[in-house]
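Report on one structure; see the data block that follows.
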Amino acid sequence: MSDFPTLLINWYRKNKRLLPWRGEKDPYKIWLSEVMLQQTQVETVIPFYKNWIQRFPDISSVAEASQDEVLKYWEGLGYYSRCRNFHRACQIVINNYDGKIPNQLEDFRKLPGVGDYTAAAVLSFAFGKSTPVIDGNVSRVMSRLVKFSEPVEKGRTVFRKQLEEWIDPENPGEFNQAIMELGSLVCLRNQPHCIKCPVTDFCVGFKSGSPEKYPRKVSRSPIPHKTMAAAVIWNNSKFFIQKRPSNSLLGGLWELPGVEVTNKKSKEHQLVKDIKKCIGFEIQPVNKIGTVQHAYSHFKVTLHGYHCRLINNNLLKNPTKKHGWISSDGISHYPFPRVNHKLFEILQEQNWEQ
DNA sequence: TACACGTGGGC
DNA sequence: TGCCCAAGTGT
């Protein structure tokens, strides 16, 4: 009988998917792919990765770009702090590490947006270090292999110890890829395909007869629902947008000014009042554009969009870093959240300035 | 430690 | 339809 790493890696070599970053040697591209893949499925990442590499082929091209531009290439991928952090991290590598990605775990791990997973992944894939990765796939596979009965977050230490014993020092990156790929293709969340699994001989969960019971499922509380109103404020054939503050939801993206409405009967009134309070100028709703629904990770929103006219137009003539007036084609230059694009789609059907 | 942080796909 | 979740990190 072969040992665990041999069985796993042999399975991987026969069954691995062809992916744009698979087999890549450039540490920058490996790092980028790992950041894009955080909490995001492979199929979703592929087109974003390709577009990004075309515009930003190396680390200095990222470091030299504006935040607006990198966010535009991240637009639609979600979790935008990943992009802001990666942008900053690239600048740190250029300025503090002579453009060379640090190949020591302690140094690389300090970069913004690099946590335990990404550090272990990049160090093993790009630099051949024997650092085991523990992501969602590995946690699930390991939970079943050792029949771990406690909540999965408590298993990291146990899992890491076992993985450090198993990881192949000759091919640590391939070992890491292999166990993640096994989780992704065979050891599925709801219905593990144990018949296809190369390591059932080692799996206590399989021998128990119900591997799908691991890891233990946790129940979550329902998420809140908000009602919001957004204004499309027209003035001289352009409409008003503002930049969201960094380190907030959708930080760094641009948006139509919007407010949460608590009195659902007088949304327009509240919009007018709060826009004046937040932005400092008076608007007049002209007509309703439509309503869109959107779900974030921790709340849902119903957003009502209104065409508005600027009443006192001697304000905010000139764009600043925080706000601007753009024509409809400006949408393709500024990064916007998905929920605003949903409104733009309705506007498009209504021929914009109507 | 638990929660904030996006989006699209699966069932 | 509505809920769960996916190659996690920062606070």
Side-chain angles (χ1 to χ4, degrees), chain A residues 12 16-17 19-22 24 29-49 71 74-86 88-89 108-126 131-142 151-154 156 173 175-185 187-191 212 215 217-226 244-253 255 292-302 335-342:
Chain A
Y12 174 69
K16 64 179 173 183
R17 291 169 288 180
L19 303 173
W21 49 86
R22 197 85 98 188
E24 181 58 62
K29 294 180 184 171
I30 293 169
W31 179 17
L32 171 70
S33 70
E34 291 309 322
V35 176
M36 285 189 164
L37 284 161
Q38 289 166 16
Q39 298 289 285
T40 310
Q41 296 185 329
V42 164
E43 292 304 318
T44 304
V45 167
I46 290 173
F48 286 90
Y49 174 85
L71 281 171
W74 207 274
E75 181 189 63
L77 196 51
Y79 283 151
Y80 299 97
S81 66
R82 293 182 295 174
C83 182
R84 300 192 305 270
N85 285 332
F86 186 66
R88 272 205 296 146
F108 186 66
R109 176 68 177 75
K110 283 182 195 150
L111 294 169
V114 177
D116 289 340
Y117 167 77
T118 302
V122 173
L123 268 288
S124 65
F125 302 161
T131 48
V133 295
I134 303 179
D135 72 332
N137 287 310
V138 177
S139 293
R140 184 174 60 258
V141 171
M142 292 305 293
V152 67
E153 308 80 53
K154 297 193 175 183
R156 294 180 85 82
F175 176 89
N176 281 338
Q177 293 266 3
I179 192 161
M180 286 194 288
E181 193 78 336
L182 185 71
S184 183
L185 297 180
C187 199
L188 306 182
R189 182 161 50 88
N190 293 326
Q191 197 160 4
E212 73 284 352
K217 310 256 191 296
V218 288
S219 60
R220 341 186 142 198
S221 47
I223 62 177
H225 191 148
K226 295 183 186 180
R244 294 184 56 84
S246 284
N247 304 338
S248 70
L249 179 74
L250 306 165
L253 273 66
E255 65 175 359
V292 296
Q293 307 283 340
H294 193 69
Y296 295 101
S297 46
H298 52 297
F299 69 94
K300 293 179 186 179
V301 61
T302 299
F336 288 97
R338 183 81 187 90
V339 70
N340 274 180
H341 277 292
K342 288 181 180 176

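Computed from a prediction, not measured in an experiment: that's the story for all the values here. So you know, we letter chains A, B, ... as the sequences are listed, proteins then strands, and number each from 1.
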A:Ser219 or A:Asn85: which one's nearest nucleotide on DNA chain C is closer to the 5' end?
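On the 5' side of the pair lies A:Ser219.
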Could you check whether [X] gets within reach of a base, just the sugar-phosphate, or nothing at all, counting any heavy atom under 4.0 Å?
X        : value
A:Lys300 : sugar-phosphate
A:Gly76  : sugar-phosphate
A:Val133 : nothing
A:Thr44  : nothing

Under the side-chain hydrogen bond (donor to acceptor under 3.5 Å, both in side chains) test, which residues partner [X], sequence neighbours left out?
X        : value
A:Ser124 : A:Asn176
A:Glu75  : A:Lys72, A:His341
A:His225 : A:Thr302
A:Asn340 : none

Residues forming a side-chain contact (heavy atoms from CB on, under 4.5 Å) with A:Ile46, sequence neighbours excluded
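Once residues adjacent in sequence are excluded, the partners of A:Ile46 under the side-chain contact (heavy atoms from CB on, under 4.5 Å) criterion are A:Leu19, A:Pro20, A:Trp21, A:Val42, A:Glu43, A:Lys50.
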Under the rule for side-chain contact (heavy atoms from CB on, under 4.5 Å), what residues qualify as partners of A:Lys29, not counting sequence neighbours?
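A:Lys29 satisfies side-chain contact (heavy atoms from CB on, under 4.5 Å) with A:Glu24, A:Asp26, A:Tyr49, A:Ile53 only.
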To the nearest 0.5 angstrom, please state how far the NZ atom of A:Lys16 sits from the OG atom of A:Ser184.
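Result: 14.5 Å between the selected atoms.
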Take atom P in C:dA7 and the same atom in B:dC5, then report the distance between them in whole Å.
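The answer is 23 Å between these two P atoms.
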Using the C1' atom in both, what is the distance from B:dT1 to C:dA6, to the nearest Å?
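Straight-line distance between the two C1' atoms is 23 Å.
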Span of DNA chain B, from the first to the last nucleotide whose atoms fall under 4.0 Å of chain A heavy atoms:
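Contact boundaries, 5' end first: B:dA4 to B:dG8.
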Heavy-atom contacts under 4.0 Å between residues 77-84 of chain A and DNA chain B, which residues?
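A:Leu77, A:Gly78, A:Tyr79, A:Tyr80 - these, ordered by number, are the residues of the stretch whose heavy atoms sit under 4.0 Å from the strand.
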How would you list, by chain and number, every residue that makes a salt bridge (Lys or Arg N to Asp or Glu O under 4.0 Å) with A:Arg189, sequence neighbours excluded?
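Result, salt bridge (Lys or Arg N to Asp or Glu O under 4.0 Å) vs A:Arg189: none returned.
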What are the bounds, 5' to 3', of the part of DNA chain C that sits under 4.0 Å from heavy atoms of chain A?
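Contact boundaries, 5' end first: C:dC3 to C:dG10.
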What residues in residues 30-40 of chain A put a non-hydrogen atom under 4.0 Å from any atom of DNA chain C?
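Contacts with DNA chain C under 4.0 Å: A:Glu34, A:Leu37, A:Gln38, A:Gln39.
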Listed partners of A:Phe108 passing ring pair (Phe, Tyr, Trp, His ring centres under 6.0 Å), at least two apart
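Per chain and number, A:Phe108 pairs via ring pair (Phe, Tyr, Trp, His ring centres under 6.0 Å) with A:Trp31.
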